[in-house]
Amino acid sequence: MIIDAKTITLTLVIVVVAGYFGLQFIRQLTLSIAQENHDANLAMDMTEEAKRARRQRDADAAASAAFEKVENLLPASVIKAKANPTNTNNDAATESEPLSEKSQSNSDLAASVV
């Protein structure tokens, strides 16, 4: 085997070209793996979001059902006020009050029922 400048140059060119194509192959392989991983993560996130939305919907339905059961225990004045809201001067004055002052607590409602 003859070792001269021409052989060394040719060998280096072959190694560089092979390295370039090898790195391109590895790059494409890792890109496809990353895309598959992203798609899998996206699918898992969508599944978790659907479960969360379903749990929230079920909780809202349970809260509505519980309120419907308790609504008959509320005083008639509270139910009428919710059913027929009117904007009189008295109501306009109470609208500017904070919600914490307007709403009754559970103990206030229970006391008014008894």
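One hydrophobic cluster, built from ILVMFWY side chains closer than 4.5 Å, holds both Val13 and Phe21. Val17 and Ile14 fall into different hydrophobic clusters, where Ile, Leu, Val, Met, Phe, Trp and Tyr residues are linked whenever their side-chain heavy atoms come under 4.5 Å apart, directly or through other members. Under the 4.5 Å side-chain heavy-atom criterion for grouping Ile, Leu, Val, Met, Phe, Trp and Tyr, Leu12 is connected to Ile3 within one hydrophobic cluster.
Here His38 contributes atom NE2 and Asp45 contributes atom CG; the two are 9.0 Å apart, rounded to the nearest 0.5 Å. Atoms CZ and CZ, from Arg57 and Arg52 in turn, are 10.0 Å apart once rounded to the nearest 0.5 Å. To the nearest 0.5 Å, atom CD of residue Gln28 and atom CG of residue Leu23 are 11.5 Å apart. Here the CD1 atom belonging to Ile26 is positioned 13.5 Å from the CG atom belonging to Leu31, to the nearest 0.5 angstrom.
A donor-acceptor pair under 3.5 Å links the side-chain atoms of Thr9 to the main chain of Ala5, judged by distance alone.
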> Given the rule in the side chain to side chain contact (heavy atoms under 4.5 Å, CB included) test, do Lys51 and Glu48 qualify, once you have shown the distances and angles that lead to the verdict?
Replying inline: CA-CA 5 Å; Lys51 286 180 182 178; Glu48 290 174 7; 5.6 Å; no
